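Keep in mind that this is a model prediction, so the values were computed, not measured.
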Amino acid sequence: MSLLLSRRALIGSLAASMLAGCDRLADTADVREILFSAENFHKWSQRALGDRNALAPEFRADQLSPIFRANGTHDPATDEYRALWRGGFADWRLQVDGLVGRPLSLTLNQLRSMPHRTQITRHDCVEGWSAIGQWRGVPLATILHAARLSDRARYIVFHCADRMTATRPYYESIDLIDAFHPQTILAFALNDRLLSVPNGAPLRLRVERQLGYKQAKYLMRIQAVESLGNIHGGKGGYWEDVAVYEHYAGI
Ligand SMILES: Nc1nc2c(c(=O)[nH]1)N[C@H]1C(S)=C(S)[C@@H](COP(=O)(O)O)O[C@H]1N2
Ligand SMILES: [Mo]
């Protein structure tokens with residue numbers, strides 16, 4: 001939380017210096033009031049930094065849902081996925097590529113030996129159900145640092161093993177605020193057990209400030225991009241492309 005407080009303090013002083021600069025540049029009171037009023041700047045900065053960086057609520061172990069139901073794909077069932085599953089995912093690799101200085105190809109064991117985060121959070125599906133589960137995984141930030149994310153990158157795209165139709169795989173994407181959020185992890189365990197196939201084995205995204213459909217299961221590849229326009233339907237995710245779901249699905 002101290003990070004948040006110091007960021008707020010920083011934004012406060014930025015606002016003050018912008019207001020001072022504004023006095024010199026545009027002296028009319030109405031311009032100053034409309035564009036740079038301390039109140040509006042405060043609202044804007046809260047929205048841009050404060051709200052987006054706030055933590056999602058975490059719960060106690062006695063609040064866990066007895067079962068964490070599966071939704072969407074319960075088994076990708078492609079020949080490729082079936083072969084990976086039969087081999088205990090020993091041959092599975094997470095590709096990390098796109099706008100990175102050092103593309104990575106990570107095994108499940110490599111991911112499991114990296115520093116973890118464990119969090120008990122509530123999953124909210126737009127279809128009207130929720131479940132509380134304990135997730136364990138590697139912070140996405142750790143992976144992006146290891147891959148030397150380019151400063152041109154604006155979004156992280158998650159490519160999944162399952163196909164929704166013959167031509168459309170499941171995929172999702174998030175911006176860099178969510179990508180570097182401390183609760184954004186690549187999870188390999190749910191409720192102290194390795195992920196089951198229905199819940200996204202061997203690896204899924206948990207981006208806890210977002211709705212259920214952003215929590216991409218069956219991860220195969222992470223791609224850093226400048227724009228989402230050239231990725232599949234161009235709206236940042238399977239559901240965003242085919243339906244009216246928002247790209248930013250904050251809760
Ligand atoms: N690859 C993939 N990820 C997915 C989906 C899917 O069908 N395929 N469904 C999404 C939806 S709508 C929800 S609510 C959650 C469900 O996660 P669960 O099956 O672990 O409950 O996964 C999300 N991620
Ligand atoms: Mo969902």
Side-chain angles (χ1 to χ4, degrees), residues 67-98 103-112 114 116 121 123-127 129 131 133-140 143-144 147 155-174 178-179 184-191 193-208 210-225 228 231-233 235-243 245 249:
I67 53 150
F68 198 101
R69 62 169 277 190
N71 201 40
T73 302
H74 285 48
D75 178 352
T78 62
D79 291 346
E80 188 194 7
Y81 184 84
R82 280 278 162 84
L84 293 170
W85 174 79
R86 269 196 302 273
F89 296 107
D91 294 330
W92 172 91
R93 296 288 181 276
L94 178 71
Q95 305 296 338
V96 183
D97 58 24
L104 304 173
S105 174
L106 299 167
T107 67
L108 201 49
N109 278 340
Q110 284 174 319
L111 285 159
R112 284 162 58 188
M114 295 171 89
H116 305 158
T121 53
H123 175 108
D124 296 303
C125 172
V126 288
E127 289 169 26
W129 60 275
Q134 184 210 59
W135 302 97
R136 180 173 304 126
V138 182
L140 179 59
I143 306 288
L144 297 178
Y155 300 94
I156 307 299
V157 182
F158 301 86
H159 298 278
C160 306
D162 53 326
R163 309 198 143 266
M164 305 304 279
T165 68
T167 54
R168 289 185 186 272
Y170 201 95
Y171 80 103
E172 258 304 337
S173 63
I174 57 178
D178 277 333
T184 297
I185 62 175
L186 302 180
F188 49 77
L190 168 61
N191 297 340
R193 311 172 74 148
L194 287 182
L195 274 189
S196 66
V197 169
N199 293 120
L203 193 74
R204 79 177 300 168
L205 175 66
R206 291 302 309 174
V207 48
E208 302 293 357
Q210 301 262 354
L211 289 169
Y213 64 88
K214 303 292 278 188
Q215 322 295 328
K217 305 194 279 189
Y218 316 115
L219 295 182
M220 299 298 288
R221 176 179 173 217
I222 293 181
Q223 180 190 13
V225 298
L228 297 169
I231 313 288
H232 299 296
K235 300 219 177 87
Y238 168 74
W239 284 112
E240 290 90 332
D241 284 344
V242 303
Y245 291 6

Query - Considering all heavy atoms, the nearest R82-D75 contact - result: NH2-OD2, 2.9 Å

Query raised in the report: Can you name the closest pair of heavy atoms from L144 and A179 and give their distance?
Result: CD1-CB, 4.0 Å

Query - Residues V242, K235; criterion side chain to side chain contact (heavy atoms under 4.5 Å, CB included); working and verdict - result: CA-CA 9 Å; V242 303; K235 300 219 177 87; over 6 Å; no

Report task. Describe, in one word, how the ring planes of F68 and W129 are oriented to each other, choosing from parallel (under 30°), tilted (30 to 60°) and perpendicular (over 60°). Result -> perpendicular

Query - Min side-chain heavy-atom separation W92-W85 under 4.5 Å - result: no

Query raised in the report: Do D124 side-chain atoms and L211 backbone N/O form a donor-acceptor pair below 3.5 Å?
Result: no

Requested in this report: Return the orientation label for the Y218 and Y81 ring planes: parallel under 30°, perpendicular over 60°, tilted otherwise.
Outcome: perpendicular

Query raised in the report: Going by heavy atoms in the side chains, are L111 and I143 under 4.5 Å from each other?
Result: yes

**Report entry** Any donor-acceptor N/O pair, K217 side chain to P198 backbone, under 3.5 Å
**Finding:** yes

Query raised in the report: About how many Å separate CE of M164 and OH of Y238, when rounded to the nearest 0.5 Å?
Result: 4.5 Å

Query - Pair E240 + K214: basic N to acidic O under 4.0 Å - result: yes

Query raised in the report: Hey, does the side chain of Y155 reach the backbone of I174 with a donor-acceptor pair shorter than 3.5 angstrom?
Result: no

Query - Within-4.5 Å side-chain heavy-atom neighbours: I185 and L140 - result: no

Report summary line: Interatomic distance, OH@Y171 vs CG@L219, rounded to 0.5 Å, equals 15.0 Å

**Report entry** Separation of L194 CG from L203 CG (nearest 0.5 Å)
**Finding:** 11.0 Å

Requested in this report: Apply side chain to side chain contact (heavy atoms under 4.5 Å, CB included) to L186 and L205, showing your working.
Outcome: CA-CA 5 Å; L186 302 180; L205 175 66; 4.2 Å; yes

**Report entry** Minimum heavy-atom distance between L228 and G236, given as atom pair plus value
**Finding:** CD1-CA, 3.9 Å

Report summary line: Paired with M220, the side-chain contact (heavy atoms from CB on, under 4.5 Å) test is passed by just one of L94, L84, D162, namely L84

Query raised in the report: Would you call Q95 and Q223 a side-chain contact if the rule is heavy atoms closer than 4.5 Å?
Result: no

Report summary line: For I156 and A224, the nearest pair of non-hydrogen atoms, with its separation, is CD1-CB, 4.0 Å

Report task. Mark yes when over 12 heavy atoms from residues, nucleotides or ligands other than E80 sit less than 6.0 Å from its CD; otherwise mark no. Result -> no

Query raised in the report: How long is the gap from OG1 on T121 to CD on Q134, to the nearest 0.5 Å?
Result: 9.5 Å

Query raised in the report: So how far is it from E172 CD to H159 NE2, rounded to the nearest 0.5 Å?
Result: 11.5 Å

Query raised in the report: What pair of heavy atoms forms the shortest contact from A147 to V96, and how long is it?
Result: CB-CG1, 3.8 Å

**Report entry** For the student: nearest non-hydrogen atoms of V197 and P76, plus distance
**Finding:** CG1-CD, 4.3 Å

Report task. Could you tell me which residues satisfy salt bridge (Lys or Arg N to Asp or Glu O under 4.0 Å) with R221, sequence neighbours excluded, listed by chain and number? Result -> D97

Query raised in the report: Is the shortest heavy-atom distance from the side chain of W135 to the side chain of L195 under 4.5 Å?
Result: yes

**Report entry** V126 side chain reached by Y245 side chain, heavy atoms, under 4.5 Å
**Finding:** yes

Query raised in the report: To the nearest 0.5 Å, how far apart are CZ in R93 and OG1 in T107?
Result: 6.0 Å

Query raised in the report: Would a distance-only check, ignoring hydrogens and angles, find a side-chain to backbone donor-acceptor pair under 3.5 Å from Q215 to Q210?
Result: yes

